[in-house]
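Okay, so here's the structure we're looking at.
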Amino acid sequence: MRVTLKNTIVAGLVASAAAFGGTALAQNVRIGFHVPLTGFAASDGMSAMRGAELAVEQINAAGGVNGRKIELVVQDDQARADQAVPLANKYVGEGLKLMVSGSFSAPTRAAASVFQAAQIPYISAYAIHPDITRAGNYVFRTAFTGEVQGRAAAKVAGDLLKKKKVTLVTLNNDFGQSLAAGFKEAAGKFGVQVVSEYTFGMQDRQFGSIVASVRKDNPEVIFLVGYYFNGGPLVAQLRAAGIKAQIIGTEGFDSQHFLDIVKGAGEGLIVATALDRGTKSTATRKFIDDFEAKYKTAADMIAASTHTAVNVAAEAVRRAGPTDSAKIRSAIAGLKDFEVAAGRLSFNELGESYKPAQIQIIRDGKYHHFATIDDPVLLAPPVK
Amino acid sequence: MYYAELLLVGIVWGCTYAMMALGLTLVYGLLRILHVAQATIFTLGAYTGLLVANHVGSLPLAFLAAALLAGVVGPLVYRVVYEPILDKPPFVALVASIGILVAMEDGFRLLFGPYGMPFSDNSFSTVTYSIGGAHLNLVQLWMIVAAVVLISAFAVFATRTRAGVAWRATVSEPAMASSFGIDVQRVRYLNFFIASLLAGVAGLLVGLLNNLVEPGMGSVISYKGLAIIVLGGLGNVPGTLVASLVLGIVESFGTVFLDKIMDRDAIAFLFLIVVLMIRPHGLLARH
């Protein structure tokens, strides 16, 4: 008897929750968000998740879009392309009208063609592979492509620091190689000579032989491309071996975790990234402050990127309404100088965005503003 | 001098591999299990050491804790996971082992977060020595010393003590050893204790070298460890040690000279394929 009664109550509760939940959901604007919450990229996935959640919280606190709350429909893609396709099909099946990728290039590239075919607007927050936006006119990117970041770093080395001899040490995936390609492409323009090049793998944490080689080459600048978990140990090992050359890193190092690993060895290191700590932009300042207040840790580039992408999505819904994906697409494409955490965004015909590169330097264990490169020619995103 | 430095780096890597692979080959020799989950013990050692070092502030205590906890959990894995399936075909234990590795990687992630954790004081890796122009930091030196000391201690144990003789007897003739009154169960626990202790210490040393302890830090080294014990001739202890050193050195040079063609982790497996084509029974095989 007791069991039956308990079951009845539970069933009743579930039913009413479903009913209330159902009505609430119907009114919400649902934005799909796939992100690596487990697997090797889970750390970046957590930053991505936090940035997106903060954006939703802020937007809803300010009244939502057109009186409706926005809601993320989150799925874990493990940063794997083979997970991304079924997952993308699931989103399509659920009838979502708008998608944000909080993930790496491999899954984003794979999912992009699914969303393009289904004509669902898809915004890549920080995946950098050039093929992503080539999937079609429904695909957008709020981040820099790798080549653009690489060109910015070459300008830092040759133009801002007036150094000539550079050694490249880059991760052997699309991220590392597209940045290296951009750097080499622009190096000549700034009188920079690449004296040697080394690559390393995603799982490498010990770089003894690369460190020995860099010491032998004796460059003035070392351009390093990697993520915090391989770049951190690499920088520490270079400095421990007494190598004093200026190190220029990229957005992959733009996180508190990088600073925690390198500690003192990071002093003076410069990164080319999208998040300006010395910003005068209210959108960026609010993002940095609210992030720290909510998560008790410093904001990073990835969180800024997903925060940006969710805001772009919400703005498009504000302008076009939540139901017609073709109108939402046009609204995204039509954004001009839209102010977000990662700067002022405008999209070109390929769906790529232009924004200035933020050059930051580590002093006293924190990132500080060093320079801003606002050069629409040098940093022009690809158009085809 | 540059080449001497690469050689030295290779020896440090080789010592890391030796500490992992010795345990793998011991377990294989005794039970014919490919103990992939050894990498979980490696990561466990690193996390244990990091937590003790960061909260208590003593590195010797961190090493002790890492060695002991790893040494306890290893035999526990044997008792709980492997022992009930010993009569099944070997791949059953291998599947279970991979299962532990995958599950525990996410287990560490749930417990300690996905970002990995740095040591709050890791000044040791910045203390550098110059040996004939080649540079080595204190932790790299410890890695070599730990490998030499622990592996020598194991050699003394295996050849000079009663327990060591019992262990060797069990490896070569388990049924005979048992009928001569050797407690086979104890030998197996001892085997896992030694293997896990080595892995735990290696894990902490690698954590210190990287200044980063992360959930997935064991996955590459575990598969590489399997390649090494095959290279060494499965169950062959001296072969495994030689294979570890050779692979470390090949990788050290390969990272710099082959990096346009393949990644460091691919070198290990290419090397494995080449050696197996020339010497199918392993580097030190007699036939």
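Every chain is numbered from 1 and lettered A, B, ... according to where its sequence line falls, protein lines coming before strand lines.
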Applying a strict 4.5 Å limit to non-hydrogen atoms, the region of B:F253 in contact with chain A is neither

To the nearest 0.5 Å, atom CZ of A:R50 lies from atom CG of A:D300 at 9.0 Å

Working to the nearest 0.5 angstrom, can you tell me the gap between A:I302 CD1 and A:H307 NE2? 15.5 Å

Could you please spell out the steps behind the side chain to side chain donor-acceptor pair (under 3.5 Å) verdict for A:S103 and A:T108? CA-CA 6 Å; A:S103 192; A:T108 305; 4.8 Å; no

Geometric class of the A:F207/A:F200 ring pair [parallel <30°, tilted 30-60°, perpendicular >60°]: perpendicular

Heavy-atom pairs under 4.5 Å with chain B, option from A:I210, A:V262, A:D204 with the top count: A:D204

Are any non-hydrogen side-chain atoms of B:N211 and A:D260 less than 4.5 angstrom apart? no

Quick check on B:S252 against chain A: is it the side chain, the backbone, both or neither that has a heavy atom closer than 4.5 Å? both

Quick one: CG on B:L208 to CZ on B:F119, what's the gap to the nearest 0.5 Å? 4.0 Å

Heavy-atom check, side chain of A:V100 versus side chain of A:T306, under 4.5 Å: no

Between the side chains of B:E251 and B:Y17, is a donor N or O closer than 3.5 angstrom to an acceptor N or O? yes

Only heavy atoms, only distances under 4.5 angstrom. Which residues in residues 212-220 of chain B are near chain A? B:L212, B:E214, B:V220

What residue in A:S213, A:G242, A:A41 has the most heavy-atom pairs under 4.5 Å with chain B? A:S213

Heavy atoms under 4.5 Å from chain B: which residues of residues 168-180 of chain A carry them? A:N172

Check whether B:N210 gets within reach of chain A through its side chain, its backbone, both or neither, counting any heavy atom under 4.5 Å. both

Positions in residues 34-50 of chain B that reach chain A, provided some heavy atom is under 4.5 Å away: none

Within the structure provided, determine whether A:T297 and B:Y115 are in side-chain contact (heavy-atom separation under 4.5 Å). no

Could you measure the distance from the CG atom of B:L22 to the CG atom of B:L198? Nearest 0.5 Å is fine. 5.5 Å

Is it true that the side chains of A:H368 and A:R363 contain a donor and an acceptor less than 3.5 Å apart? no

Distance in Å, A:F104 CZ paired with A:D77 CG, rounded so as to fall on 0.5 Å steps: 9.5 Å

In terms of heavy-atom pairs under 4.5 Å, which option from A:P233, A:A265, A:S209 contacts chain B the most? A:S209

Taken to the nearest 0.5 Å, the spacing of A:Q360 CD from A:I362 CD1 works out to 10.5 Å

Side chain to side chain donor-acceptor pair (under 3.5 Å) for A:S43 and A:Y227? Distances and angles first, verdict last. CA-CA 11 Å; A:S43 50; A:Y227 300 104; over 6 Å; no

For chain B, the option from A:K216, A:Q203, A:R239 that forms the most heavy-atom pairs under 4.5 Å: A:K216

By number, which residues in residues 101-114 of chain B have some heavy atom less than 4.5 Å away from chain A? B:D106, B:R109, B:P114

At a heavy-atom separation under 4.5 Å, does B:S120 approach chain A through its side chain, its backbone, both, or neither? backbone

When heavy-atom pairs shorter than 4.5 Å are enumerated against chain B, which of A:S47, A:G264, A:S196, A:S255 gives the highest number? A:S47

